[in-house]
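In what follows, chains carry the letters A, B, and so on, assigned in the order in which the sequence lines appear, proteins first and then strands, with residues in each chain numbered from 1. Every value quoted in this text rests on a predicted model; they were computed, and no experiment measured them. Because only heavy atoms are used, hydrogens play no part in the values below, and waters and symmetry mates are left out as well, while side chains stay in.
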Amino acid sequence: MSDRKAKRLFTGSIPLPTFEGFLVPILAVVAALLVGVLFILWVGKDPILAYKALWRVTFGSTRNTLETLVDTVPLIFTGLSVALAFRCGLFNIGGEGQYLVGSLAAAVAGYALPGLPAVVHIPLVLLAGFAAGGLWAALPGWLKARFGIHEVINTIMMNYISLYFVHWLVIAHLKDPTNLSQRTPKILESAVLPNLLQNTRFHLGFFVALLVALGVYFLLWRTIAGYEIRAVGLAPAAAEYGGISVARNIILAMVLSGGLAGLAGAVQVAGISLAYYDGAGFVGYGFNGIAVALLGRNHPAGVLVGALLFGALGRGGVRGMQAIADVPKSMIGVVQAAIIFFIAAEGLFRVLVPRLRQRRQASRGPGPAGGTGGEGAPHSGTATEGGAGR
Amino acid sequence: MAKVLEMVGITKVFPGVIANEDVHFDVEQGEIHALLGENGAGKTTLMNVLYGLYAPDGGELRWQGKPVHIGNPNVAIRLGIGMVHQHFMLVPPMTVAENIVLGAEPSKGGLLDMAAAKKRVRELSEQFGLKVDPEAKIQNISVGMQQRVEILKALYRGAGLLILDEPTAVLTPQEVTELIAIMRRLVEEGRSVIFITHKLKEVLRIADRVTVIRRGRVIDTLYTKDATEDGLAEKMVGRKVSLRVEKDEARVGDVILRVRDLTAANNRHLPALRGCSLEVRRGEIYGLAGVDGNGQSELIEVLTGLRPATGGEAMMNGKSLLGLNPRAIFARGVGHIPEDRQRRGLVLNFTVGENLILGSHHRQPFSVRGLLQGGAIDRRAEDMIQRYDIRTPGTKTLARSLSGGNQQKVIAAREMERDPDLLIAAQPTRGLDVGAIEFLHRRLVEARDRGKAVLLISLELDEILSLSDRIGVIYEGRVVAEVPGHEATEEQLGLWMSGGSTGRRGEAQG
């Protein structure tokens, strides 16, 4: 493939999101960190010390950076999961459940299929996680497409069904009899995502995540399927008019979204835990995926950034702020919540940003638009409009 | 007469665009002053400056001779300026009276005094001949009535000057006549009216004076008794425009579409089509006239696969269209310019290029083996933009940011380019300016001259009369009359449209 062709493949008609598109998320993060300062002062600790500690354990050294990336991996998948559903106008809150069934399916595929070479076994494990998550999400997708039952309700309920269903499967059927802890047998050596650097947990899954992010981008903007998913998400009536089946695409988007959440589980099993450990509750990657997608404006590139931020905050809260600066780790929860709050309250920045932009443009003189511009207000809202489902 | 309002040298600049440049505009007491201009000429901007929604970058406002600063709509309302927007701002489940007093509720001892509110609404309604029932719920009254509620809302707040933004765009011909009577009554009672429009006929019919603006500048202000339609059109567009559609005798061929006894239900599951029959032939424009809500929308949706039929048949080139999905119907050679262009016709947040392939996106050359072909899509878009004169900064501009006329051109370009045997054009020029209307009409006639069948559905009788080779009138879900285009008169069609005596085929159908 020629260089130019390759370039067109990825930058063709849809440009990467602009800086302005990310202005609100960036401002939200800054504002949230400032709110964090207030809370840390309030509990009588030193915010500078706390944030320094946060930085040190997340990006302070190569090893720490790599460990942060490891924590970022599942969030990339769940963030992509939520973003993809959003693009079809769907709010998939079922990431937690899809993650659990994906994890368990991957674990079973990992220990129950002996004698396979790694190049076959690893993809098979990942596929098992993807398929399980996708099938699990297919049901709410079908209910939405066929009966119009809202996916938010169904996916939330499916979370609890999966939690107890998986719990029952493990204790009743899949528990490792040779081990006391409540887990499945360990996956086989051939199923393990290879570790890439000694003394770290940094494994191949990180690159799988990058590849999948690229794949989601490619799917959404370079394929018929993506065109149809986005059309349904943005304007169902127009999609229908254009010969696009709304029902089919809703189900497809839910399956892909669920699959990505399932993949998150599979990668954690194959790269970190090496077995399915039955816990008492949700792991949180599914819910944090919502925040990551929100932060990333439902764009794969944005999701990578959002996942990195949430991965870092998660890691830095416990190992940095709590352990070093003696700030309760729940302060990080406050910061994370504040980020979401500020993004949701983007109207706050909307007032601020156009003013800044106007001032900047005024100093630049009249642009190339000439006299053809619109009656009424210029379309100031569109530049920051990234999301599909509101 | 005394000038109520003077806008002196108003300039309003948006980044990159001068929306208003040194605009002089005044309104005398007791006059209807039309503000005429194409979409995007700066009419609404000027009114938003007046209403305090935008701060002008230059110039001065004078209210009854005194300079004023209108910083926000509350100031405008206090001065006695009322605005009726194109899109109504009413609360559907609430009553007329509740909507009118909303934000300025009469109270007695801290309690809402609805009795007083209703009484005042009734008084105003009688004074201006509005015939509004204060107890009716907004969701149960017609669009025309809702507009009157908006007018009442402004009057209730003491408006001496009313701004009506494109008030006739949403009305049926009968409602327009009634609105004109109301406007006359308003000025008789000493109020003044600014009437924003791009329809020349209405200016001459309604207004006392007219100010024409083009590209943000005032071209002329003149008395309507000294104005002609052609003269105004030229001032508005900036060049000579032909208001008449030039077309040769139709060369009519075989029947392409045959609809027989078609029945279908509307969204509320009530019968909307009750045995609709019509035929459209190759090489003709068949105009379907009718008052809104007589089954036109349902007919279009059935023919394009968006709504199931409950009975009857619809044959295209001898094969049934019923039961097919939109994609299959597209493939049979049906093109469709939908009546709701923003909801149906376009994905507003898609780019112009993406919108131009909607419906053909799964076909070569736009996609190959499931992958979209950016190069082919861009080339197609650039070609269409040029040939259909779509004014857009580029192929990657969002459809949302184009003007209404250019959005419609995107749809027309897309549908005509597929070269369908049957083109269904629903309200193809609603809300468009003269230039765009002329352009679209010419394209429809071209399609017909190439031997295509065109089914034109329009609420504008003018449009039906000037374009159609044959005219059918739909009333309560049936075609009740049919007449050759050159024999039709507005009066006769109007009579049929309101359910009066039926003509020709209608009688045979009984």
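Within the 4.5 angstrom heavy-atom criterion, no atom of B:Glu21 approaches chain A. Residue B:Arg369: no heavy atom, backbone or side chain, is found under 4.5 Å from chain A. Both the backbone and the side chain of A:Ile244 come within less than 4.5 Å of a heavy atom of chain B. Contacts of B:Leu53 with chain A are absent, with no heavy-atom separation under 4.5 Å from either backbone or side chain. Residue contact with chain A, scored on non-hydrogen atoms closer than 4.5 Å, involves the backbone and the side chain of B:Leu358 alike.
Of all the listed residues (A:Ser245, A:Ala237, A:Ala235), the one sharing the greatest number of non-hydrogen pairs under 4.5 Å with chain B is A:Ala237. Contact tally against chain A (heavy-atom pairs below 4.5 Å) for B:Asn355, B:Asn406, B:Ile357, B:Thr392: the top residue is B:Ile357.
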Given ring-ring contact (aromatic ring centres under 6.0 Å, His included), test A:Tyr217 with A:His299 step by step and report yes or no. CA-CA 8 Å; A:Tyr217 175 79; A:His299 191 287; 5.5 Å; yes
B:Tyr54 vs B:Phe14, ring-ring contact (aromatic ring centres under 6.0 Å, His included): CA-CA, chis, key distance, verdict: CA-CA 10 Å; B:Tyr54 294 148; B:Phe14 291 118; 5.2 Å; yes
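No salt bridge links B:Asp165 with B:Lys43; every basic N to acidic carboxylate O contact stays at or beyond 4.0 Å.
Remark: side-chain polar atoms of B:Lys409 are paired, donor with acceptor, to backbone N or O of B:Asp389 under 3.5 angstrom. Looking only at distances, no side-chain donor or acceptor of B:Thr11 sits under 3.5 Å from a matching main-chain atom of B:Gly58.
In the model, B:Glu354 has no side-chain atom that pairs as donor or acceptor with a side-chain atom of B:His361 under 3.5 Å.
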